[in-house]
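Written below as structure tokens is the structure these notes are about.
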Amino acid sequence: MPSKNRPARPTIPSETYRAIRAKQTQTTITVYQAYSAEIAEPALQAQTFVSPFSRERMTWIKPSFLWMAYRSGWATKARQERVLAIEITQAGFEWALWHSCLSHYTADETSQEEWQKKMRDSPVRVQWDPERDLLMRSLDYRSIQIGLSGEAVGRYVDEWIVSITDVTDTMRKIDGYLRNEDVDAARECLPDETLFAEAS
């Protein structure tokens, strides 16, 4: 049953152009971020984000492991050499969804004036990008990115984070398997991601 203090989770069809797929438990969902060691090491020690992480900048979280691999080049791009798996509460993730606004205007969903107002009022941005397969080829459905700013960053850092794990070695191991054309071994290393609506 949904909480009296927040609406029921939106229904996500099993097959849809836009769907949230993630590693999850009954109460948590895992998202990914890539940083330099300068930010990653203190975060791992504190099990939350601390200086030099900036709360003043928008921070983007990604539930898709493969999209994070694509974005970071398997943890090889500059200032993205360390990939972190951040386990957060499902309640926090839902709060972000319910306080979000699309990062770009979509004519078939609202008027431009309404979208601009929502953009000004919302601390969360949502962006949908083509999901990727193991070989980084674009798939025919979209994966979500969630940008947190203002109040949302504070909630993320202070309330939602359950644990932070370094998955850089896993990223690089998969990359190594792929370079050796061992796709099956690479696939065995991937986290089990399911539709967010199926979590509980």
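In this chain, numbering begins with 1 at the start of the sequence shown.
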Cationic tip of Arg21 above Tyr141 ring, under 6.0 Å, 45° of axis: yes
Tyr35, OH atom: more than 12 neighbouring heavy atoms under 6.0 Å: yes
Sidechain-backbone polar pair: Glu81 side chain, Arg79 backbone, donor-acceptor under 3.5 Å: yes
Backbone N/O of Glu56 and side chain of Ser54: donor-acceptor pair under 3.5 Å: yes
Residues which pass side chain to side chain contact (heavy atoms under 4.5 Å, CB included) with Met58, listed by chain and number, not counting sequence neighbours: Trp60, Arg125, Ser149
Modelled atom types, side-chain donor and acceptor of Thr30 and Glu87, under 3.5 Å: no
Min side-chain heavy-atom separation Ile20-Phe93 under 4.5 Å: yes
Derivation and outcome, side-chain contact (heavy atoms from CB on, under 4.5 Å), residues Thr165 and Leu84: CA-CA 6 Å; Thr165 305; Leu84 304 179; over 6 Å; no
Residues that, via side-chain heavy atoms closer than 4.5 angstrom, fall in one hydrophobic cluster with Val50: none
Side-chain donor or acceptor of Thr48 paired with backbone N/O of Val157 under 3.5 Å: yes
Distance-minimising heavy-atom pair for Leu134 and Leu178: O-CD1, 3.3 Å
Evaluation steps, side-chain contact (heavy atoms from CB on, under 4.5 Å), between Phe53 and Val153: CA-CA 11 Å; Phe53 174 88; Val153 175; 4.2 Å; yes
Any side-chain heavy-atom pair of Asp192 and Phe65 under 4.5 Å: no
Gln127 side chain to Ile144 backbone, donor-acceptor under 3.5 Å: no
Arg71, CZ: over 12 other non-hydrogen atoms inside 6.0 angstrom: no
side-chain contact (heavy atoms from CB on, under 4.5 Å) between Leu97 and Val124, intermediate numbers included: CA-CA 8 Å; Leu97 293 180; Val124 182; over 6 Å; no
Asp169/Lys173 salt bridge by N-O under 4.0 Å criterion: no
Ion pair Arg155/Glu151, N-O distance below 4.0 Å: yes
N-O pairing of Arg82 and Asp166 below 4.0 Å: yes
Under 3.5 Å: donor-acceptor pair, side chain of Gln47, backbone of Leu44: yes
Backbone N/O of Thr89 and side chain of Thr28: donor-acceptor pair under 3.5 Å: no
Listed once per pair and sorted, the ring pair (Phe, Tyr, Trp, His ring centres under 6.0 Å) pairs that draw on residues 159-179, sequence neighbours left out: Trp95-Trp160
Validation row: Gln145, Trp128 side chains within 4.5 angstrom (heavy atoms): no
Exam field: side chain Gln24 to backbone Leu195, donor-acceptor pair closer than 3.5 Å: yes
Ser122 side-chain N/O to His99 backbone N/O, donor-acceptor pair under 3.5 Å: yes
In one Ile/Leu/Val/Met/Phe/Trp/Tyr side-chain cluster, 4.5 Å: Ile61, Met68: no
